[in-house]
Amino acid sequence: MKKGLLDILKGKFLVSGDAPKNWIFLLFASFLAAMMISSSHNADKKVHEIAALNEEVRKLKSEFFKHRSTVQQLKLESTLRETVALEGLKPSENPPQKIKVKSTD
């Protein structure tokens with residue numbers, strides 16, 4: 001066992017008679033390791049991208065709710081009265097009358 005371990009540490013398995021088989025396996029293992037590292041980096045990049053998009057969605061939702069409350073405030077009758085009062089308009093003192101149209105069919 002000690003001789004086998006020394007042969008591996010010295011790299012004799014790379015220069016012995018069946019070395020091409022060992023080289024092919026080492027190249028294949030290296031290729032798989034590189035693919036695994038690449039895949040891991042791509043997955044991490046996508047996780048960071050998703051986190052950034054979630055943060056952007058959260059900010060946009062917050063902005064939407066802020067603008068929606070502003071619009072609701074502007075649609076209130078009291079706000080409209082103040083706005084048109086600046087232009088010299090005021091509410092009618094006489095309420096509107098309903099007009100009924102009778103058809104002659």
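- Cluster partners of L89 are V84, counting Ile, Leu, Val, Met, Phe, Trp and Tyr whose side-chain heavy atoms approach within less than 4.5 Å, directly or via other members.
- Residue pairs meeting the side chain to side chain donor-acceptor pair (under 3.5 Å) criterion with at least one member in residues 81-91, sequence neighbours excluded: E77-R81.
- Cluster partners of L80: none. The rule joins Ile, Leu, Val, Met, Phe, Trp and Tyr whenever side-chain heavy atoms lie under 4.5 Å apart, and it links nothing here.
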Donor-acceptor pairs under 3.5 Å, side chain of residues 23-34 to any protein atom, not counting sequence neighbours: which ones?
from, atom 1, to, atom 2, distance (Å)
W23, NE1, L14, O, 2.9
S30, OG, L26, O, 2.8

Counting only pairs under 3.5 Å, give me each side-chain donor-acceptor contact of residues 40-68, with atom names and distances, residues two or more places apart or in other chains.
from, atom 1, to, atom 2, distance (Å)
N54, ND2, I50, O, 3.4
E55, OE2, R58, NH2, 2.5

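- Apart from I37 itself, the hydrophobic cluster it occupies contains nothing, where clustering links Ile, Leu, Val, Met, Phe, Trp and Tyr at side-chain heavy-atom distances under 4.5 Å.
- For Q97, there are no side-chain contact (heavy atoms from CB on, under 4.5 Å) partners at least two apart in sequence or on another chain.
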